[in-house]
Participant: 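There's a structure below that I have some questions on.
Chain identifiers are assigned alphabetically (A, B, ...) following the order of the sequence lines, protein sequences preceding nucleic acid strands; residue numbering begins at 1 within each chain.
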2 protein chains.
Amino acid sequence: MNAENVLDVAMTAYWHSDPADVSVNAICQLAGVSKPSLYREFGSEDGLSRAVLDHYAQRVLSDVFAILQGGNGLQDTLDALIDFASSDLRMETGCLFYKMRAGKHRLGPLTLARVDEIDAMAHAAYSAFLRSFRDGEDWAPGLSVEAAAKYLSEQFALAITQRASGENPSRVREMMTLSLSVLLRT
Amino acid sequence: MNAENVLDVAMTAYWHSDPADVSVNAICQLAGVSKPSLYREFGSEDGLSRAVLDHYAQRVLSDVFAILQGGNGLQDTLDALIDFASSDLRMETGCLFYKMRAGKHRLGPLTLARVDEIDAMAHAAYSAFLRSFRDGEDWAPGLSVEAAAKYLSEQFALAITQRASGENPSRVREMMTLSLSVLLRT
DNA sequence: GATATAAAATACCGCACGGTATCAAAATGA
DNA sequence: TCATTTTGATACCGTGCGGTATTTTATATC
């Protein structure tokens, strides 16, 4: 049965297209697993997609959290985020988390709850990151840390979503650089 | 039969939830019309949704084009766009066009073609608008007009999408003001 | 080797979808 | 007024979905 392999296959399928467009049947076929086996392991489609989201979080999102918590300077960290969104090969087809978040209303309760948890963790991480630079020499805005955190996270999501829709990566980089420039003193 | 009423009902339904989540059956029921009648009028679900998009374009999107072509100053026009995205009551539940564009892969060929047409028209309108201010006293960036047009239109879409997801309108306004500030000389 | 047990493959269920055939009612034209 | 055509309501078709009951196969224990 190999649950790990199922998670990998499902993650790739959900990620490359869209969670709402990949049926349980398709995942069973792709993973070479019978439907009852899958249901014994994950309970429901909701359970599967929650497990897939957890898998994705520890395989991909952790890298973003690592960037935010890396202890580097404001400018360098923002540059790293821009790099990740516009150049990391894994983001070529977008971010599974953002795809799930964008289609929230189609998710089951388990997956929805995880999405909200991760969203809250991300917001906390962005806030902590920005707070450590407020009143520093690079910090520009008269914005609250909360507002800047939301702004940063949404611009990050926008850049990745644009990339998923086929936008030229260097154009994405250009636009994200522009949008984040307001956070820095020139 | 009253096709106009069907368009109104379908537009509202698609708009308030999501085109992919409203079935033809539901529209028939909401509009009090039989399914064969609807199919005789619009040919297919794709035909219906294209007609709905056209309806929406002439009822709502035309206002945005009017703002862009209003001949007002750069600052004033950007302010009007910010107002529209963050305060117009009609955008409370998002923009039907952006919802369709975000779910492109689920659209039929007719509707998809219209989405692309409208996207191209919008890009042209943004470009023409910005071009008329390049080298003016308010124009800030070293950006190309093309890149700035894309940036502006995506920030506009982002703001409306955030509003559709329940974000506080004044927070949306704050973030959109921030993102568009890079287009202006301070 | 016979038997209890766990796993997997198959077949199935109810449902909602997009789309259509059928048939009655109403409107139109001569 | 009668024949023709257009409309509408109902019922239906095939398909794919999420989820499960059943039957087969393999595995392990005595």
Side-chain angles (χ1 to χ4, degrees), chain A residues 1-53 55 96 99-100 103-115, chain B residues 1-53 55 96 99-100 103-115:
Chain A
M1 158 73 201
N2 196 347
E4 199 72 12
N5 182 54
V6 172
L7 287 176
D8 278 332
V9 166
M11 181 179 76
T12 302
Y14 283 159
W15 189 359
H16 185 277
S17 71
D18 188 299
D21 296 330
V22 180
S23 68
V24 173
N25 293 298
I27 289 170
C28 290
Q29 195 156 344
L30 289 171
V33 166
S34 75
K35 213 158 29 155
S37 301
L38 192 148
Y39 273 88
R40 263 192 289 276
E41 184 73 29
F42 299 104
S44 65
E45 185 177 35
D46 190 19
L48 170 63
S49 70
R50 177 170 79 160
V52 168
L53 176 54
H55 197 64
L96 177 55
K99 287 183 177 183
M100 285 184 170
K104 255 188 172 182
H105 59 283
R106 282 186 264 259
L107 300 177
L110 300 175
T111 311
L112 178 58
R114 268 290 191 283
V115 165
Chain B
M1 158 73 200
N2 197 346
E4 198 72 11
N5 181 54
V6 172
L7 287 176
D8 278 331
V9 167
M11 181 179 77
T12 303
Y14 283 159
W15 189 359
H16 186 276
S17 70
D18 188 299
D21 296 330
V22 180
S23 69
V24 173
N25 293 299
I27 290 170
C28 289
Q29 196 156 343
L30 289 171
V33 167
S34 75
K35 212 158 31 153
S37 301
L38 191 149
Y39 273 88
R40 267 194 285 274
E41 183 74 27
F42 299 104
S44 65
E45 185 177 35
D46 190 19
L48 170 64
S49 71
R50 178 171 79 159
V52 168
L53 177 53
H55 197 65
L96 177 55
K99 287 184 177 184
M100 284 184 169
K104 255 189 173 185
H105 59 281
R106 281 186 263 259
L107 300 177
L110 300 175
T111 311
L112 178 58
R114 267 289 191 282
V115 165

Participant: What is the distance from atom CG of B/Leu107 to atom CG of B/Leu53, rounded to the nearest 0.5 Å?
Facilitator: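 Separation between the atoms: 8.5 Å.
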Participant: Separation of B/Leu38 atom CG from C/dT20 atom P, in whole Å?
Facilitator: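 Atom-to-atom, B/Leu38 to C/dT20, this comes out as 12 Å.
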Participant: Checking contacts here: which listed nucleotide (C/dC17, D/dG18, D/dT10) is nearest the side-chain heavy atoms of B/Pro36?
Facilitator: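 Out of C/dC17, D/dG18, D/dT10, the nucleotide with an atom closest to B/Pro36's side chain is D/dT10.
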Participant: Determine yes or no for a side-chain-to-main-chain donor-acceptor pair under 3.5 angstrom, with A/Thr111 supplying the side chain and A/Asp46 the backbone.
Facilitator: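 Checked: pair present.
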Participant: Let me spell it out: for each of A/Gly43 and A/Ala26, pick the nucleotide of DNA chain D with the closest heavy atom. Which residue's pick is nearer the 5' end?
Facilitator: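 Its nearest nucleotide lies further toward 5', so the answer is A/Ala26.
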Participant: In the structure I gave you, are the side-chain heavy atoms of B/Cys28 and B/Val24 within less than 4.5 Å of one another anywhere?
Facilitator: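 Of all side-chain heavy-atom pairs linking B/Val24 with B/Cys28, at least one is under 4.5 Å.
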Participant: Considering only D/dG19, C/dA8, D/dA9, which nucleotide approaches the side chain of A/Ser34 most closely?
Facilitator: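 Shortest atom-to-atom distance from the side chain points to C/dA8.
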Participant: If I take atom CD in residue A/Glu45 and atom P in nucleotide D/dG18, what distance separates them, rounded to the nearest angstrom?
Facilitator: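 After rounding, the gap between these two atoms is 5 Å.
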Participant: Provide, to the nearest angstrom, the distance between the CD1 atom belonging to A/Ile27 and the P atom belonging to D/dG19.
Facilitator: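 Rounded to whole Å, this separation is 12 Å.
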Participant: Whole angstroms only, please: what is the OH-P distance between B/Tyr39 and D/dT10?
Facilitator: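 Roughly 18 Å, once rounded to whole Å.
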Participant: Rounded to whole angstrom units, what separation is found between the CG atom of B/Asp21 and the P atom of C/dA16?
Facilitator: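 After rounding, the reported distance stands at 15 Å.
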Participant: Answer yes or no: is there a side-chain heavy-atom contact under 4.5 Å between B/Leu48 and B/Glu41?
Facilitator: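 A side-chain contact under 4.5 Å is absent here.
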Participant: Just N and O in the side chain of B/Ser23: are any of them under 4.0 Å from OP1 or OP2 of C/dA16?
Facilitator: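 Answer is no, no contact under 4.0 Å.
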Participant: Could you tell me whether the phosphate oxygens of C/dA8, OP1 or OP2, come under 4.0 Å of any side-chain nitrogen or oxygen in A/Ser37?
Facilitator: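 Checking C/dA8 against A/Ser37, a side-chain N or O does come within under 4.0 Å of OP1 or OP2.
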Participant: Does some side-chain heavy atom of B/Val22 sit less than 4.5 Å from a side-chain heavy atom of B/Trp15?
Facilitator: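 B/Trp15 does not reach B/Val22 side chain to side chain.
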Participant: From CZ of A/Arg106 over to P of D/dC17, roughly how many Å is that when rounded to an integer?
Facilitator: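 Rounded to the whole Å, the gap is 15 Å.
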Participant: If you pin B/Val24 and A/Asn2 to their nearest nucleotides in DNA chain C, which one's is more 5'?
Facilitator: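 Looking at the nearest nucleotide for each, A/Asn2 comes out on the 5' side.
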Participant: Separation of A/Phe42 atom CZ from D/dT20 atom C1', in whole Å?
Facilitator: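 These atoms are roughly 18 Å apart.
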Participant: Does a distance-only test, which skips hydrogens and angles, find a donor-acceptor pair under 3.5 Å between the side chain of A/Arg40 and the base of C/dA8?
Facilitator: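 By the distance-only test, yes, there is a pair.
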Participant: Are OP1 or OP2 of C/dA16 and a side-chain N or O of B/Asn25 less than 4.0 angstrom apart?
Facilitator: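 Negative; the distance criterion is not met.
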Participant: Rounded to whole angstrom units, what separation is found between the CG atom of A/Asp46 and the P atom of D/dC17?
Facilitator: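 Between P of D/dC17 and CG of A/Asp46: 18 Å.
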